[in-house]
Amino acid sequence: MKYLLILHGAEGDEQVNLSREEMTERMKAWDAYTNAVVEAGVYVAGEGLYPSSAATTVRHQPGGERILTDGPFVETKEQIGGFYLLQCTDLDEALEWAKRVPVQEGSAVEVRPVMDFSEFGHEHPDVAARSAG
């Protein structure tokens, strides 16, 4: 089953103000974690995200109107900073990987199962495209 590890943390300017050397040093723990999930064969995808100030939100209004706003959907100091998508045998395995994510103290890693729509007779478009090609 696939699990999404959603990385939540306090947002700030500290990463923007880091030198190249400081950022390279900070990334060593992330590289080690990514290498571990790849070597374990559970890695599907993962990326870091720009700060929420770079986001644009599409709000779906009653009656079908769509309103674009700059920034995140909610006003909070904690934002999603990145994610890992892992293929694990069960929730326990996903939780073990989540415990190893090198987030800063005070941050959180939300573990959420990914819906498998094949249970409902629907094939994901990516799967259908690969099957046709």
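The structure places CG of Leu49 at 10.5 Å from CD of Gln79, a figure rounded to the nearest 0.5 Å. Rounding to the nearest 0.5 Å places CG of Leu5 at 11.5 Å from CZ of Arg112.
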### Message
I'd like to know whether Asn35 forms a side chain to side chain contact (heavy atoms under 4.5 Å, CB included) with Trp30, so could you lay out the CA-CA distance, the side-chain angles of the two residues, the decisive distance to 0.1 Å, and finally the verdict.
### Response
CA-CA 8 Å; Asn35 289 334; Trp30 289 100; over 6 Å; no

### Task
Give the C-alpha distance, both sets of side-chain angles, the deciding distance and a yes or no for side chain to side chain contact (heavy atoms under 4.5 Å, CB included) between Val101 and Trp97.
CA-CA 7 Å; Val101 175; Trp97 283 113; over 6 Å; no

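Side chains of Glu22 and Ser19: a donor on one and an acceptor on the other come within 3.5 Å.
Exactly one residue among Val114, Val42, Asp116 makes a side chain to side chain contact (heavy atoms under 4.5 Å, CB included) with Lys2. That residue is Val114.
Residues Met1 and Pro113 form a side-chain contact, since some pair of their non-hydrogen atoms from C-beta on lies under 4.5 Å apart. Inter-residue side-chain proximity for Arg59 and Arg66 is flagged as unmet; no heavy-atom pair is nearer than 4.5 Å.
Counted within 6.0 Å of CE on Met27, heavy atoms from surrounding residues, nucleotides or ligands total more than 12; the atom is thus considered enclosed.
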Solution key, residues 84-91 side-chain donor-acceptor pairs under 3.5 Å, sequence neighbours excluded:
from	atom 1	to	atom 2	distance (Å)
Tyr84	OH	Thr34	OG1	2.5
Thr89	OG1	Glu93	OE1	2.9
Asp90	OD1	Asp92	N	3.2
Asp90	OD1	Glu93	N	2.9

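For the residue pair Val109 and Ala98, the shortest heavy atom distance occurs at CG1-CB, 3.9 Å.
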